[in-house]
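Report on the following structure.
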Amino acid sequence: MLKINEIDVYYHKTCALRGLTIEVRPGEIVTLIGANGAGKSTLLRAISGLEKVSAGSIEFEGRNILELSPDRIVRLGIAHVPEGRRIFGRLTVMENLRLGSYIRRDKKAIVHDLERIFSLFPVLRDRRSQYAGTLSGGEQQMLAIARALLAKPKLLLLDEPSLGLAPAVVDSVFDVITEIRKLGVTILMVEQNARMALMIADRGYVLETGSIVHQGTSHELLTDELIAKAYLG
Ligand code: ATP
């Protein structure tokens with residue numbers, strides 16, 4: 001579904017990604033793990049067209065998406081939930097959700113999808129008229145994910161979905177991610193909470209200073225002693 005081949009990304013003269021190659025297959029949950037500054041967010045931003053890629057290729061469903069605008073990339077079916085959620089605090093929950101569907105013309109289907117999303121996130125239904133800025137951290141994360149789903153993505157990019165959330169809320173975010181996959185959405189996520197992320201993922205990649213240094217099935221990564229020691233806390 002997504003094939004990234006040997007990409008380089010620079011911030012001015014600093015290399016943030018170097019010869020990075022990964023693949024995501026349809027229906028998978030794939031997780032990226034690695035220390036702060038390894039380049040995980042940069043990779044998601046490069047896929048979304050938010051960072052310039054200076055070498056290599058990115059293909060989505062067989063089509064080269066390098067050089068496409070972020071807007072075109074969303075329309076092709078890739079939605080991105082950035083780190084820190086970026087919801088609009090002075091808009092209501094419902095207004096935030098409507099923004100998620102701005103690229104769509106199929107109004108009837110949007111109403112139907114909204115119902116499905118409310119059954120996935122009942123708290124958002126209860127709070128649909130409330131200002132998003134007054135939601136708890138976990139509710140804001142749910143809203144950010146729900147808003148991305150309203151773009152009807154085939155591939156969802158999640159950047160640190162559990163960051164800053166209380167442990168019980170972290171569990172419910174991971175539950176929701178598992179439910180989203182069951183709806184047929186493929187997921188590529190970045191998580192500091194690497195062990196939990198691998199437990200719901202099919203495969204994982206370990207990034208170090210802009211390159212992949214390990215990859216494997218979740219089981220392989222979870223049971224590798226060196227990886228456990230270095231990355232799984
Ligand atoms: P974290 O978990 O801390 O978010 P990360 O693995 O997502 O880390 P990135 O945010 O992708 O890492 O950053 C990769 C490298 O690129 C880091 O060295 C970072 O300082 C640098 N970097 C990121 N954004 C910029 C920018 N806008 N300008 C210059 N350097 C940047």
Side-chain angles (χ1 to χ4, degrees), residues 1-2 24 27-32 40-41 43-45 47-48 50 70 73-75 77-89 91-104 109-128 130-194 196-202:
M1 175 177 239
L2 180 74
V24 182
E28 279 191 316
I29 298 181
V30 174
T31 186
L32 300 165
K40 306 176 299 293
S41 300
L43 173 55
L44 296 192
R45 291 176 56 78
I47 298 167
S48 289
L50 298 167
I73 292 173
V74 176
R75 284 170 206 273
I78 302 180
H80 188 161
V81 182
E83 186 177 329
R85 298 151 209 158
R86 313 272 168 81
I87 50 126
F88 296 95
L91 298 182
T92 65
V93 166
M94 200 62 204
E95 286 164 342
N96 269 277
L97 290 173
R98 281 206 194 95
L99 286 174
S101 61
Y102 79 99
I103 59 162
R104 296 174 57 185
I110 293 173
V111 174
H112 177 254
D113 286 351
L114 198 56
E115 275 313 307
R116 278 215 310 205
I117 279 168
F118 280 148
S119 43
L120 200 56
F121 306 98
V123 66
L124 297 182
R125 187 201 302 274
D126 299 342
R127 297 177 183 272
R128 60 184 178 276
Q130 191 170 320
Y131 285 121
T134 64
L135 297 176
S136 72
E139 289 162 353
Q140 291 189 15
Q141 185 58 271
M142 300 296 186
L143 175 59
I145 297 173
R147 186 178 60 188
L149 287 177
L150 271 169
K152 226 177 179 5
K154 297 172 189 162
L155 173 65
L156 184 63
L157 308 176
L158 296 172
D159 197 345
E160 300 280 7
S162 80
L163 193 71
L165 302 179
V169 185
V170 170
D171 286 345
S172 53
V173 168
F174 281 108
D175 288 347
V176 153
I177 295 170
T178 308
E179 289 303 311
I180 292 170
R181 184 248 288 271
K182 288 188 197 151
L183 298 174
V185 180
T186 305
I187 293 164
L188 175 61
M189 68 175 167
V190 167
E191 256 298 333
Q192 290 283 326
N193 209 332
M196 279 186 83
L198 282 170
M199 294 208 317
I200 64 159
D202 301 293

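Computed from a prediction, not measured in an experiment: that's the story for all the values here.
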* **Contact summary for A132 and L143, nearest pair of heavy atoms** => CB-CD2, 3.6 Å
* Asked: Just by distance, do the side chain of S172 and the backbone of V169 share a donor-acceptor pair under 3.5 Å?
  -> yes
* Apply the test side chain to side chain contact (heavy atoms under 4.5 Å, CB included) to residues H80 and L50: give CA-CA distance (whole Å), side-chain angles for both, the deciding distance (0.1 Å), then the verdict. => CA-CA 10 Å; H80 188 161; L50 298 167; 4.1 Å; yes
* **Point-to-point distance, once rounded to the nearest 0.5 Å, from CG of L114 to CG of L149** => 11.5 Å
* **Residue pair I200 / I29: nearest heavy atoms and the distance that separates them** => O-CD1, 3.4 Å
* Asked: For atom CZ of F118, is the number of surrounding heavy atoms from other residues, nucleotides or ligands below 6.0 Å larger than 12?
  -> yes
* Asked: Can you check whether L91 reaches L99 side chain to side chain, under 4.5 Å on heavy atoms?
  -> yes
* To do: Report the distance from atom CG of L97 to atom CG of L150, rounding to the nearest 0.5 Å.
  => 5.5 Å
* Structure fact -> Heavy atoms of V176 and M142 approach each other most closely as CG2-SD, 4.1 Å
* Asked: Once you round to the nearest 0.5 Å, how far does CD1 of I117 lie from CD1 of I180?
  -> 8.5 Å
* Taking atom CG of L156 and atom CG of L183, what is their separation to the nearest 0.5 Å? -> 11.0 Å
* Apply side chain to side chain contact (heavy atoms under 4.5 Å, CB included) to the pair K40 and Q192, showing each step before the final yes or no. => CA-CA 10 Å; K40 306 176 299 293; Q192 290 283 326; 4.0 Å; yes
* Are the charged groups of K182 and E179 less than 4.0 angstrom apart, N to O? -> yes
* Just by distance, do the side chain of E191 and the backbone of S162 share a donor-acceptor pair under 3.5 Å? -> yes
* To do: Calculate, to the nearest 0.5 Å, the distance between atoms OG1 and CG belonging to T31 and L188 respectively.
  => 8.0 Å
* Asked: Looking at NZ of K154 and CE of M1, how far apart are the two atoms once the value is rounded to the nearest 0.5 Å?
  -> 7.0 Å
* Measure across L165 and G137 and return the closest heavy-atom pair with its distance rounded to 0.1 Å. => CD2-C, 3.4 Å
* Sidechain N-carboxylate O distance under 4.0 Å for E95, R147 -> no
* Asked: Backbone N or O of D159 within a donor-acceptor pair of the E83 side chain at under 3.5 Å?
  -> no
* **Closest non-hydrogen atom pair between V74 and A151, with its separation** => CG1-CB, 4.2 Å
* Where do P153 and A148 come nearest, in terms of heavy atoms and distance? -> CD-O, 3.4 Å
* Got a donor-acceptor contact below 3.5 angstrom from the R128 side chain to the R125 backbone? -> yes
* Could you tell me whether the side chain of R181 and the main chain of G27 form a donor-acceptor pair under 3.5 Å? => yes
